[in-house]
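Structure first, then comments.
Numbers for residues simply follow the sequence, beginning at 1.
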Amino acid sequence: MKILVVGGGGREHAIVWKIAQSSRVEKIYCAPGNAGIAEYAECVNIGVMEFDKLVEFAKEKQVDMVVVAPDDPLVGGAADAMEAAGLRVFGPRKNAAILEGSKAFSKDFMKKHHIPTAAYETFDSAEAALDYLETAKFPTVLKADGLALGKGVLICNNLEEAKAGVKTIMLDKQFGAAGNRLVIEEFMTGREVSVLSFVDGKTIKIMTSAQDHKRAKDGDEGLNTGGMGTFSPSPFYTSEVDEFCMKNIYQPTVDAMRAEGREFKGVIFFGLMLTPDGPKVLEYNARFGDPETQVVLPRMKNDIVDVFEACIDGTLDKIDLQFEDNAAVCVVLASDGYPEHYEKGFPISGLDTFKDKDGYYVFHAGTKLEDGKAVTNGGRVLGVTAKGENLKKARANAYAATEWISFDNKYMRHDIGKAIDEA
Ligand code: AMP
Ligand code: GLY
């Protein structure tokens, strides 16, 4: 088979690496890819939003499957464009990806179908939002309706912060059109868990759980980022929690989407909060998580191409999805200053050390090749993942492996998975 993967970050590196393990695959293309992905795939210089070019390329190369990984193209209708051209595509159509594309949609959807989530109100004008805040309880949570690189959520401790937040999102439009509508929701407390799942329109199969660390600095201080590290599984995701979620969240979501004529095929990522009142949905994503994928896929036993096909064909019920009985930790190596100002273009050394090491992986997030050598090319540069028989060992292995890599201005958190030791 020939497969085209759309995307070019750490998540896509993990997906491409996993596809490359399949004996059924003879050629992988990746648009646009990155320096790490180039080891397994032919990278093609087409942007993820250039649907016409992607379709043309996929047709010309006669690819058997297109895997669309990032949120922007999915929410923008990449799967529809591929399908219209007769291509087989893994990823939800636009009318299903809206589960991630609009927070107002997803909140209304959950309310309508009695899926547990935080109480909320939606606003189309800053004036109405400000009025409402006068009587709100604090802390409260402001969310830009649309896609905002995972940064459109503001937790406000008092009225003053909330007013400033409304200005940032709705008036200054810091997240662009994503801020035309605003969701204000109840602040929840508890442990956060990320649960990724495969969905074929009617059947849903849950992958192993994971937890992200979104803040830039140790101790969950600093600004929100795209994710500074992950571990899998989450010790807080027990079989009771899993059972509750399957009955009250996962299957109801898939069934309700189907009933609404929005059949979902692809990956649903459930961002969950394990609150004192039980698990509730923080958010839906219509795709693999980044950097959750970097700890989940290395533990997956199945041939991922079989699973992708089953999702496309509606035969996921026939797949016995299996994960290794171990753990994995991913530590993101970032450019110092991320997510604000940082320098890039520094040579990276030590990447080869991973080549002959079983259970150790280095996934490229923001790198590029310059004269055949990898250099830093983004805020998040690499994701160093290691497995271990339990979380503690995986964590020690991952941190040991971070030492193999060097580049100027290398920055990382030192407490990824630390909650585990304290659990
Ligand atoms: P989201 O992009 O919706 O996942 O939000 C980003 C982060 O904000 C989440 O990972 C949570 O840490 C936090 N968050 C979002 N919604 C809430 C909420 N209702 N209560 C508490 N924290 C929240
Ligand atoms: N790690 C969070 C996300 O992918 O949205």
Kindly write out the residues that satisfy side-chain hydrogen bond (donor to acceptor under 3.5 Å, both in side chains) with D320, not counting sequence neighbours, or none if the list is empty.
Q322
Within the 4.5 Å heavy-atom criterion, are P139 and E161 side-chain neighbours or not?
no
Which residues share a ring pair (Phe, Tyr, Trp, His ring centres under 6.0 Å) with [X], sequence neighbours left out:
| X | result |
| --- | --- |
| Y29 | F57 |
| F308 | F90 |
| Y120 | none |
| F175 | none |

Ignoring hydrogens, what is the shortest heavy-atom contact between [X] and [Y]? Give both atom names and the distance.
| X | Y | value |
| --- | --- | --- |
| E12 | V6 | CG-O, 4.0 Å |
| P252 | K247 | CG-O, 3.1 Å |
| V332 | G227 | CG2-O, 3.6 Å |
| V296 | A210 | CG2-CB, 4.1 Å |
| D200 | A310 | CB-O, 3.7 Å |
| C330 | T385 | CB-OG1, 3.4 Å |

Hey, does the side chain of N34 reach the backbone of H364 with a donor-acceptor pair shorter than 3.5 angstrom?
yes
Between E186 (side chain only) and A119 (backbone N and O only), is there a donor and an acceptor less than 3.5 Å apart?
yes
For K27, what residues pass the salt bridge (charged side-chain N to carboxylate O under 4.0 Å, His left out) criterion, not counting sequence neighbours?
E42
Greater than 12 external heavy atoms within 6.0 Å of [X]'s [atom1]:
| X | atom1 | result |
| --- | --- | --- |
| K173 | NZ | yes |
| R413 | CZ | yes |
| K410 | NZ | yes |
| K205 | NZ | yes |

Centroid-centroid distance, Y284 to F270, less than 6.0 Å:
yes
Inter-residue atom distance [X].[atom1] - [Y].[atom2], 0.5 Å rounding:
| X | Y | atom1 | atom2 | value |
| --- | --- | --- | --- | --- |
| N409 | T376 | CG | OG1 | 6.0 Å |
| L130 | L182 | CG | CG | 9.5 Å |
| R11 | D71 | CZ | CG | 6.5 Å |
| I3 | I304 | CD1 | CD1 | 9.5 Å |
| M82 | M65 | CE | CE | 13.0 Å |
| H414 | M228 | NE2 | CE | 10.0 Å |

Please identify which of these residues, K202, R88, K318, meets the salt bridge (Lys or Arg N to Asp or Glu O under 4.0 Å) condition with D313.
R88
Charged tip of R191 within 45° of F236 ring normal and under 6.0 Å:
yes
Give the C-alpha distance, both sets of side-chain angles, the deciding distance and a yes or no for side-chain hydrogen bond (donor to acceptor under 3.5 Å, both in side chains) between S197 and Y250.
CA-CA 9 Å; S197 66; Y250 307 148; over 6 Å; no
Going by distance alone, is a donor N or O of one side chain under 3.5 Å from an acceptor N or O of the other, for D212 and T230?
no
Could you go through S232 and R299, starting from their C-alpha distance and side-chain angles, then the distance that decides it, and tell me whether this counts as side-chain hydrogen bond (donor to acceptor under 3.5 Å, both in side chains)?
CA-CA 9 Å; S232 169; R299 300 185 53 229; 2.8 Å; yes
Dump the intermediate steps for salt bridge (charged side-chain N to carboxylate O under 4.0 Å, His left out) on D220 and R215, then the final yes or no.
CA-CA 5 Å; D220 285 333; R215 300 298 193 102; over 6 Å; no
